[in-house]
Amino acid sequence: MKKIKKILQKGIHLLYGVEIDKIEFQATRKDFEGDITIVVFSFLKTIKGNPVEIGNNLGSYLVENVDEVVNFNVVKGFLNLVFSDTYFLTNFSEIYTSENFGFVSTTGDNKSVMVEYSSPNTNKPLHLGHIRNNLLGYSVAEIIKASGKKVYKTQIINDRGIHICKSMLAWQRYGNNETPENTGLKGDKLVGNYYVRFDQEYKKEILNLIANGYTEDEAKKQAPILLEAQQMLIKWEAGDSEVVKLWKNMNQWVYDGFEQTYKNLGVDFDKNYYESETYLLGKDVVANGLESGIFFKKEDSSVWIDLTDEGLDEKIVLRSDGTAVYMTQDIGTAIQRIKDYTDVGGLVYTVGNEQDYHFKVLFLILKKLGYNWAENLYHLSYGMVDLPSGKMKSREGTVVDADDLLIDMTNTAREISEELGKLEGYTDGEKESLYKTIGLGALKYHILKVDPKKRILFDPAASIDFNGNTGPFIQYTYARIQSILRKADFDYSATINDISLHPKEKSVLKQLALFPEIIQLAASNFSPAIIANYTYDLVKEYNSFYQSVPILGCENLQEKIFRTQLSRQVSEVIKSAFQLLGIDVPERM
RNA sequence: GGUGGCAUAGCUCAGCUGGAUAGAGCACCUGCCUUCUAAGCAGGCGGUCCUAGGUUCGAAUCCUAGUGCCAUCACCA
């Protein structure tokens with residue numbers, strides 16, 4: 001492409017005596033003949049004349065002077081160039097023989113990136129919203145890795161605060177010493193139940209107080225159970241051994257439960273941070289910033305930062321009683337991370353778009369504190385997952401539970417597979433693992449294919465599709481290719497360079513060649529959706545090719561070899577692309 | 001009210017830094033399993049790209065204003 005650009009510039013100079021440094025190439029649209037299109041319109045400012053005539057002149061010049069260009073045509077102001085089959089075949093053999101096609105290996109020059117995702121509260125189980133968060137964060141981490149940077153995956157566990165005390169208190173009052181062991185419940189589910197229980201009791205007490213003449217606002221503040229929870233938080237901060245013991249116990253239950261869900265979901269972390277361990281550092285930093293004048297203190301001794309010059313408000317960073325707020329601990333956590341990993345030059349936060357403002361402020365504060373890495377902070381902000389009934393609310397029980405959803409998806413995959421009945425010879429264990437691969441593939445693809453910043457409407461009643469633009473469709477194509485490769489019991493390692501290409505082969509080839517730039521594009525946009533949509537297009541092209549021409553049944557050996565190689569390469573790219581999305585591919589289905 | 005995001009086919013979504021007649025899937029209707037896996041392929045139906053202006057040879061895409069939905073503007077996290 002660079003070569004053509006150079007020659008074209010030379011040609012323009014020769015024919016018209018002017019210099020043009022910006023020349024744009026684009027893939028030729030399907031309905032026209034050609035491979036690459038140059039838009040002649042954009043030259044009209046420097047070259048006066050009829051665009052069609054200019055196109056014809058430049059086209060002839062290129063055909064004469066560039067070996068790879070064998071033909072051209074001009075439609076209106078569009079110059080379509082036709083490339084030789086040799087060019088495509090050479091291109092393919094480079095792709096076919098390259099190791100990890102499309103992936104850029106990590107080099108020492110690039111600063112590492114830390115990607116934060118998941119970051120749950122430890123008072124309730126994970127739900128569909130967390131699933132989107134986890135899938136996005138995990139996938140973006142994989143994509144950045146593939147684009148050539150070292151990546152650390154991390155989460156911040158929100159293990160302190162009033163919400164934790166609520167579950168603790170309800171368990172103390174109504175728990176009868178229930179444990180995950182003696183109930184058989186997952187730890188996060190057990191704790192979540194008591195969080196809901198707290199809310200029920202709290203609401204009862206409010207109604208009671210209102211009946212006794214309190215206003216609603218008063219009742220909400222004066223309910224005994226809430227006061228008791230607040231007492232508990234104070235005791236926790238003071239290090240009360242009884243409370244801390246209970247806290248550790250119940251948090252551990254939750255961690256064990258999360259562990260299982262993460263494992264089922266197929267995500268992992270290199271390092272966990274706990275809010276209870278970083279908020280103190282945040283407080284120190286605020287104290288220093290107060291001395292250097294970045295923050296200021298109000299009469300009630302709360303500490304603030306003034307961001308009105310940046311078009312934002314004043315924002316609190318420390319309460320009047322000296323305790324930390326959300327912002328305080330986030331400042332501390334960020335700094336702690338760079339301390340722990342000195343090679344990290346930037347942080348990515350996977351957090352819902354309801355916190356856009358928070359992160360804008362956080363990034364500004366860190367910049368004002370003078371950290372050079374503060375230039376490389378990115379809030380991977382994504383839209384909420386809403387149900388037809390509206391927002392999901394844990395306290396009201398209107399959530400789609402993560403574990404339940406994973407089981408549902410596996411069940412659906414099982415039903416469909418059994419109906420199709422293509423798995424003779426598979427053991428029960430192999431089947432179950434396949435159902436999980438397919439079910440999870442459907443769910444993950446369904447969520448990842450949409451642009452992160454858009455909100456998703458999830459209807460549990462209308463089940464996720466397994467046909468069309470879906471994970472299983474792509475997995476199916478992969479499995480089909482594997483089946484061909486299993487049957488290809490001949491040597492297809494030779495390099496093919498002198499056959500004439502079928503249009504369908506050419507389309508597949510063009511789509512394949514895009515993979516490296518797609519990875520870079522997805523990385524710079526932090527968007528798994530770009531990978532998903534690319535893969536879908538590739539698979540569509542391949543299936544069309546598959547149905548139009550024979551592969552193993554091909555009579556010409558050269559063509560047979562080439563088509564087998566092409567199929568294999570497509571399956572490799574599917575596998576790589578799905579790896580970036582955290583989706584497995586099956587050998588059969 | 002201030003700020004930010006979103007708005008494309010009945011539904012779910014693509015459409016890259018402006019380019020040709022706006023594309024897929026689902027749903028609905030036709031065809032295709034005697035050949036490498038039909039979770040597939042080929043075709044049909046379906047559009048005021050929210051509205052109105054502007055910039056440009058050219059706008060779904062950029063700018064301005066408006067409308068609608070969502071989020072946010074807490075000594076909650």
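Everything numeric in this text was worked out from a predicted model, so none of it was measured. Just so it is clear: chains get the letters A, B, ... in the order the sequence lines come, proteins before strands, and each one is counted from 1.
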Against the side chain of A/Ser544, the closest entry in B/G40, B/C41, B/A20 is B/C41

A/Leu521 side chain: which of B/U37, B/A77, B/C16 is closest? B/C16

Side chain of A/Tyr546 - closest among B/U72, B/U37, B/A24: B/U37

The nucleotide from B/U12, B/U72, B/G5 with an atom nearest the side chain of A/Glu354 is B/U72

Which of these nucleotides, B/U3, B/U12, B/G40, is closest to any side-chain atom of A/Leu457? B/U12

Whole Å only: how far is the OH atom of A/Tyr542 from the P atom of B/A42? 14 Å

Is any side-chain N or O of A/Asn467 closer than 4.0 Å to OP1 or OP2 of B/G40? yes

Is A/Arg480 close enough to B/A38 that one of its side-chain N or O atoms is under 4.0 Å from OP1 or OP2 there? yes

Can a salt bridge be assigned to the pair A/Glu33 and A/Lys506 using a cut-off of 4.0 Å between side-chain N and carboxylate O? no

C1' atom, B/C26 versus B/G40: distance in rounded Å? 16 Å

Check A/Glu555 with A/Lys560, please: is the shortest side-chain N to carboxylate O separation under 4.0 Å? no

Can you identify which nucleotide, out of B/C36, B/G4, B/A77, has its nearest atom closest to the A/Lys487 side chain? B/C36

Under 4.0 angstrom, heavy atoms only, what part of the nucleic acid is A/Ile438 near: base, sugar-phosphate, or nothing? base

With a 4.0 Å cut-off, would you call A/Asp584 and A/Lys436 a salt bridge? no

A/Val450 has a side chain; which of B/A14, B/G40, B/C73 sits nearest to it? B/A14

Find out whether the Lys NZ or Arg CZ of A/Arg160 is both under 6.0 angstrom from the six-membered ring centre of A/Tyr279 and within 45° of the ring's axis. yes

Nearest-angstrom distance from the residue atom CZ of A/Arg486 to P of B/U37: 8 Å

Phosphate OP1/OP2 of B/C41 contacted by A/Asn543 side-chain N/O (<4.0 Å): yes

Within the structure shown, what part of the strands sits under 4.0 Å from A/Ala479 by heavy-atom distance: base, sugar-phosphate, or nothing? base

Any base atoms under 4.0 Å from A/Asn121, or only sugar-phosphate, or nothing? Heavy atoms, all strands. sugar-phosphate

Under 4.0 Å between a side-chain nitrogen and a carboxylate oxygen: does that hold for A/Lys360 and A/Asp356? no

When we call it a touch if two heavy atoms are under 4.0 Å apart, what does A/Thr37 touch: a base, just sugar-phosphate, or nothing? base

If you check every side-chain atom of A/Lys454, which of B/C26, B/A24, B/C6 has the closest atom? B/C6

Is there a side-chain contact between A/Lys76 and the phosphate of B/U21, meaning an N or O under 4.0 Å from OP1 or OP2? yes

Just compare B/G4, B/C57, B/U37 and give me whichever is closest to any side-chain atom of A/Ser483. B/U37

Charged N to carboxylate O under 4.0 angstrom, A/Lys431 versus A/Glu418? no

So A/Asp330, base contact, sugar-phosphate only, or nothing? Heavy-atom distance under 4.0 Å. nothing

Below 3.5 Å, does any donor atom in the side chain of A/Asn80 face an acceptor in the base of B/A20, or the other way round? yes

side-chain contact (heavy atoms from CB on, under 4.5 Å) with A/His379: which of A/Leu362, A/Asn353, A/Val351? A/Val351

Would you indicate what A/Lys45 reaches in the nucleic acid, counting non-hydrogen atoms under 4.0 angstrom: base, sugar-phosphate, or nothing? nothing

As a test of understanding, state which of A/Phe72, A/Phe43, A/Phe32, A/Phe41 forms a ring pair (Phe, Tyr, Trp, His ring centres under 6.0 Å) with A/Phe78. A/Phe41

Nearest-angstrom distance, C1' atom, B/C29 to B/G10: 15 Å

Within the structure, does a side-chain N or O atom of A/Lys453 lie under 4.0 Å from either OP1 or OP2 of B/G4? no

Quick one: label A/Glu275 by what it contacts on the DNA or RNA (base, sugar-phosphate, nothing), any heavy atom closer than 4.0 Å. sugar-phosphate

Between B/A60 and B/A14, how far apart are the two C1' atoms, rounded to whole Å? 12 Å

Write down the distance separating the P atoms in B/A7 and B/C63, rounded off to the nearest Å. 14 Å

B/G31 to B/C13 separation - C1' atoms, rounded to the nearest Å: 27 Å

So what does A/Phe78 touch, heavy atoms closer than 4.0 Å: a base, only the sugar-phosphate, or nothing? base

Without decimals, in angstroms, what is the distance between A/Tyr536 OH and B/U12 P? 17 Å

Nearest-Å distance for atom pair CZ/C1', residues A/Phe32 and B/G23: 15 Å

Please work out if A/Ile484 contacts a base, only the sugar-phosphate, or nothing of the nucleic acid, heavy-atom cut-off 4.0 Å. sugar-phosphate

If you check the A/Asn158 side chain, which of B/A77, B/G40, B/G25 turns out closest? B/A77

Is the distance from OP1 or OP2 of B/A77 to the nearest side-chain N or O of A/Arg319 less than 4.0 Å? yes

What contact category does A/Ser417 fall into here, base, sugar-phosphate, or nothing, at under 4.0 angstrom with non-hydrogen atoms? base

Base, sugar-phosphate alone, or nothing: which one does A/Val549 contact when heavy atoms must sit under 4.0 Å apart? base

Roughly, in whole Å, what's the span from NZ in A/Lys449 to C1' in B/C26? 9 Å

Contact class for A/Asp31 vs. all strands (heavy atom < 4.0 Å): base, sugar-phosphate, or nothing? nothing

Derivation and outcome, side-chain hydrogen bond (donor to acceptor under 3.5 Å, both in side chains), residues A/Thr37 and A/Asn80: CA-CA 4 Å; A/Thr37 295; A/Asn80 301 321; 2.7 Å; yes

Rounded off to whole Å, could you give me the NE2-to-C1' distance for the A/His446 and B/C13 pair? 10 Å

Heavy-atom nearest nucleotide on RNA chain B taken for A/Leu318 and for A/Asp465; more 5' hit belongs to A/Asp465

Which is true for A/Tyr357 with a 4.0 Å heavy-atom rule: it touches a base, it touches only sugar-phosphate, or it touches nothing? sugar-phosphate

Measuring to OP1 and OP2 of B/C70, would you say a side-chain N or O of A/Arg455 lies under 4.0 angstrom away? no

How would you label the contact of A/Met384 with the nucleic acid (heavy atoms, under 4.0 Å): base, sugar-phosphate, or nothing? nothing

Distance check, P atoms only: B/U17 and B/A77, in whole angstrom units. 39 Å

